[in-house]
Amino acid sequence: MKENLESVMHEQRSFVPPQEFRDAATLTADKLQAMQCAATDDLAAFWADLARKNLEWKQPFIQALDDSNPPFFKWFADGRLNACYNALDRHLEGNGGKTALIFETDEGEILYFSFRALHGEVCRLANALKALEVRKGDRVVIYLPMGPQALISMLACARIGAIHSVVFGGFSADSLKDRIRDAGARLVITADAAPRGGRVTMLKETVDLALAAGCESVKKVIVYRRTGVKTEWIEGRDITWDDSLNGQSSDCEPEWVESEHPLFLLYTSGSTGKPKGVQHSTAGYLLGAMTSMQWVFDLKPNDIFWCTADVGWITGHSYVCYGPLLNGLTQVLFEGVPTYPDAHRFWRMIEEHRVSIFYTAPTAIRALMRLGDALPRKHDLSSLRLLGTVGEPINPEAWTWYHRVIGGSRCPIVDTWWQTETGAAMIAPIPGVVATKPGSCTFPLPGIAVDIIDEQGEPVTSPNQGGFLVVTKPWPAMVRTIWGDDARFRKTYFGQFGDRVYVTGDGAHRDEDGYVWILGRIDDVLNVSGHRLGTAEIESALAAHPRVAEAGVVGRPHEIKGEAVLAFVVVKGDRNQAIRDGLAAELREWVGTQIGAIAKPDEIRLVDGLPKTRSGKIMRRLLRTIGRGEAITQDTSTLENAAILGQLTAPAAPGSAP
Ligand code: WT7
């Protein structure tokens, strides 16, 4: 663990926000300081004040924070509200005609949705869901392409108090089935297929497979015809999106729910076992998404915002669906990928839609950077005033390229650290105030209490010394529990340092100026292209193959993806035969069908054994060292079978991908 906690970065440059940006910024140094003081004085009152100002309440709350039963914190618990009402209805008077979504399809078709139009569609779907007997508290799994229908589905659920769980369209039937079952979903909303990058993914087919594997809770499947491709049809279970909406009114009284009513579940990987259903609340979550956006993106009413994340991830929930709508923003919504039909796509879209705030992931920045400056230089990117990144540490080289070539050296970059569990950005610069350093997410936002502590739970005091990144006080948008498993929730996030200290799973350090630098995960979780993958999950997928005895999976640095997946696989029977059979290539595809394409190992090494301790634990730190191609300098005295090391370092088995 120690090896991950050492700081190796010595980035000295600092970028002060340009004068012009500072002059126009909503949050000034004075205001920020006043907010920090208010939060330090009385954290609950600080958030309560914001909750009253920012959210529309059916029934105002009296109690701000209930912390009597840690780690199960409640915020604004005696209030009632509706998430969809807050996202849409509140804008209708005065801003109903404002464009909420500029949707660009994979093929380049452009569709506009005003807040009023979106409201009408959401209400119709909400009524349709009610007609299909979806009630408050029921779970609805959403497995759709990136597009308006995904947002409409989420909001329709929220409107009637149903709990949505969006599953990213890249997940396999097996992963989808696990999530549907764990959530006990009553209904699935999907599409026939999802066009992306000129190809189509057959979503309905995958849903059929998942349901055929046994998901008794699911009574109905709504199918949006995105491409018109033919799919199987199960009479009585399947209903088209259009048929379900047909005849439904575009008015629907919102279901006023308690603040703590679950708004959604989102499954994410952990260091052990199956993905966990991260459960978010209604009021606290909305407040976090809404206010963090105002602060970090310095929102102005005329901004054109574009976050490139898919709604299948938390970034898409907080900064594509809820955050922008709550704030009444106009945003770009994109179905496709940055490189289709060519690598001009992002830059052309920024130019065409006059995007002013652009928020994307380091992996995309690195991939586009590699293609050179000439592409973005062909486009007028002068509408941009602010850039953001999220998902993984951004390397200074990519940061400076983003800053210079995309931002024309005039746009501050907000590097936002947060997680599925935190609901909203936690550590990020206030762009008009904080000087940024490439690779640092700078300082915690107002109302967010983070610390870096050592194994004993003592705050790390010397600069550049690594430790565990923890959150020491509850915050409104925090995860409430793991769906159906309070014990796992407590153990996963609060086990180590008591019931009030949330353990993020990341290592971090502060520099001499107090800037926070994220060092990455310290548990067995990989970060591939900004997506979280549990090594345990990939290992058990591999072990489920009939020819695999066991597997050890680690990450190794990858120029574009951040981390690549490297699997050491012990085969049953003759290893040389397995190599001749091209088992490695077969196993890659196998993982793809077990979990999804994102989890496919970049390299598979077929071996006779894994390095283990005497107690039988796989020594992943050794595998990591081997994966990086470094010499083993660690202490191997606890290693049971040292003889195996030579074979592990051998070049890749034929048939495994480069
Ligand atoms: C993990 C959370 C938050 C939305 C996307 C990922 C890493 C996230 C940063 C950043 C360095 C970051 C952390 C974190 N991470 N943002 N700005 N700098 N690392 O959500 O799948 O829940 O993953 O992503 O390791 O723990 P997620």
Side-chain angles (χ1 to χ4, degrees), residues 100-104 106 142-151 153-155 164-171 194 196-197 264 266-269 278 280 285 288-290 292-293 296-297 303-327 329 331-340 345-346 349-350 353 355 357-368 386-394 402 406 413-426 428 441 477 527-533 560-562 596-598:
L101 306 179
I102 304 171
F103 175 53
E104 193 164 317
D106 197 45
I142 298 172
Y143 189 67
L144 280 170
M146 181 62 181
Q149 286 70 31
L151 273 63
S153 300
M154 294 161 81
L155 294 162
H164 60 71
S165 185
V166 183
V167 177
F168 174 61
F171 279 113
R196 253 180 117 238
F264 64 86
L266 186 60
Y267 284 82
T268 190
S269 300
V278 169
H280 277 288
Y285 170 79
M290 188 170 180
S292 63
M293 251 198 114
V296 174
F297 294 113
D303 270 319
I304 311 276
F305 180 78
W306 183 16
C307 166
T308 64
D310 191 283
V311 282
W313 313 108
I314 191 67
T315 310
H317 282 60
S318 303
Y319 301 112
V320 176
C321 186
Y322 291 105
L325 294 173
L326 287 163
N327 283 302
L329 277 187
Q331 71 170 321
V332 172
L333 192 68
F334 180 40
E335 187 175 45
V337 299
T339 47
Y340 179 81
R345 191 70 188 260
F346 271 10
M349 284 179 65
I350 290 173
H353 302 303
V355 171
I357 307 173
F358 182 63
Y359 188 32
T360 195
T363 184
I365 298 167
R366 286 192 296 264
L368 292 166
L386 183 61
L387 301 172
T389 85
V390 60
E392 56 177 310
I394 180 164
Y402 196 32
I406 307 308
I413 295 181
V414 287
D415 178 348
T416 60
W417 177 89
W418 58 296
Q419 309 177 296
T420 304
E421 293 87 346
T422 70
M426 301 287 277
C441 51
N527 189 327
V528 177
S529 301
H531 300 310
R532 212 198 289 190
L533 294 170
I560 292 175
K561 301 200 282 189
I598 42 167

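Fair warning: this is a prediction, and the values are worked out from it, not measured in the lab.
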Margin query: Working to the nearest 0.5 angstrom, can you tell me the gap between Thr268 OG1 and Leu533 CG?
Written below: 9.0 Å

Next item on the list: State, yes or no, whether a side-chain contact exists between Thr363 and Glu392 at a heavy-atom distance under 4.5 Å.
Entry: yes

Note to self: Are the side chains of Leu266 and Trp313 in contact, using a 4.5 Å heavy-atom criterion?
What the structure shows: no

Note to self: Give me the atom names and distance for the closest heavy-atom approach of Val337 to Gly197.
What the structure shows: CG2-CA, 3.6 Å

Next item on the list: Kindly give the heavy-atom pair with the smallest separation between Leu325 and Ala100, and that separation in Å.
Entry: CD2-CB, 4.2 Å

Next item on the list: Under the side chain to side chain contact (heavy atoms under 4.5 Å, CB included) rule, what do Met293 and Leu329 come out as? Steps first, then yes or no, please.
Entry: CA-CA 11 Å; Met293 251 198 114; Leu329 277 187; 3.6 Å; yes

Item checked: Student check: side-chain heavy atoms of His280 and Ile314 closer than 4.5 Å -> yes

Check: Met349 and Val355: side chain to side chain contact (heavy atoms under 4.5 Å, CB included), yes or no, with the steps?
Finding: CA-CA 8 Å; Met349 284 179 65; Val355 171; over 6 Å; no

Checklist line | Spacing of His164 atom NE2 and Ser153 atom OG [to the nearest 0.5 Å] | finding: 9.5 Å

Next item on the list: Would you please name every residue forming a salt bridge (charged side-chain N to carboxylate O under 4.0 Å, His left out) with Arg532, sequence neighbours left out?
Entry: Glu421

Notebook entry, point to check: Once you round to the nearest 0.5 Å, how far does NE2 of His353 lie from CD1 of Ile102?
Noted result: 6.0 Å

Check: With Asp303, which residues qualify under salt bridge (charged side-chain N to carboxylate O under 4.0 Å, His left out), at least two apart?
Finding: Arg385

Item checked: Backbone of Asp106 reached by a side-chain donor or acceptor of Glu335 within 3.5 Å -> yes

Next item on the list: Taking all heavy atoms of Cys441 and all of Trp417, pick out the closest pair and write down the distance.
Entry: SG-CB, 3.7 Å

Margin query: Keeping Thr416 on the side-chain end and Thr389 on the backbone end, is there a donor-acceptor pair under 3.5 Å?
Written below: yes

Check: Can you name the residues that form a ring pair (Phe, Tyr, Trp, His ring centres under 6.0 Å) with Phe305, not counting sequence neighbours?
Finding: Phe297

Check: What is the distance from atom OG1 of Thr339 to atom CG of Leu368, rounded to the nearest 0.5 Å?
Finding: 7.5 Å

Margin query: Set out, in order, the CA-CA distance, both residues' side-chain angles and the distance that settles side chain to side chain contact (heavy atoms under 4.5 Å, CB included) for Phe334 and Met146, then state yes or no.
Written below: CA-CA 7 Å; Phe334 180 40; Met146 181 62 181; 6.0 Å; no

Checklist line | Met290/Tyr322 under side chain to side chain contact (heavy atoms under 4.5 Å, CB included): CA gap, chis, key distance, verdict | finding: CA-CA 7 Å; Met290 188 170 180; Tyr322 291 105; over 6 Å; no

Item checked: Side-chain donor or acceptor of Asn527 paired with backbone N/O of Gly391 under 3.5 Å -> yes

Checklist line | Considering all heavy atoms, the nearest Gly316-Ala309 contact | finding: N-CB, 3.9 Å

Margin query: In the structure I gave you, are the side-chain heavy atoms of Phe264 and His317 within less than 4.5 Å of one another anywhere?
Written below: yes

Next item on the list: Report the relative orientation of the aromatic rings in Tyr359 and Tyr319; use parallel for angles under 30°, tilted for 30 to 60°, perpendicular for over 60°.
Entry: perpendicular

Check: With side chains defined as the heavy atoms from C-beta onward, is the minimum distance between Glu104 and Leu333 less than 4.5 Å?
Finding: no

Margin query: Quiz question: by atom type and distance under 3.5 Å, do the side chains of Ser318 and Tyr285 form a donor-acceptor pair?
Written below: yes

Notebook entry, point to check: Say you draw a straight line from CD1 of Ile560 to OG of Ser529; how long is it, rounded to the nearest 0.5 Å?
Noted result: 9.0 Å

Check: Any side-chain heavy atom of Pro145 sitting closer than 4.5 Å to one from Arg196?
Finding: no

Next item on the list: Using a 4.5 Å cut-off on heavy atoms from C-beta on, say whether the side chain of Ile598 contacts that of Val528.
Entry: no

Next item on the list: To the nearest 0.5 Å, tell me how far Leu101 CG sits from Leu151 CG.
Entry: 6.0 Å

Check: Can you find a pair of side-chain heavy atoms, one from Ile406 and one from Phe346, that are under 4.5 Å apart?
Finding: no

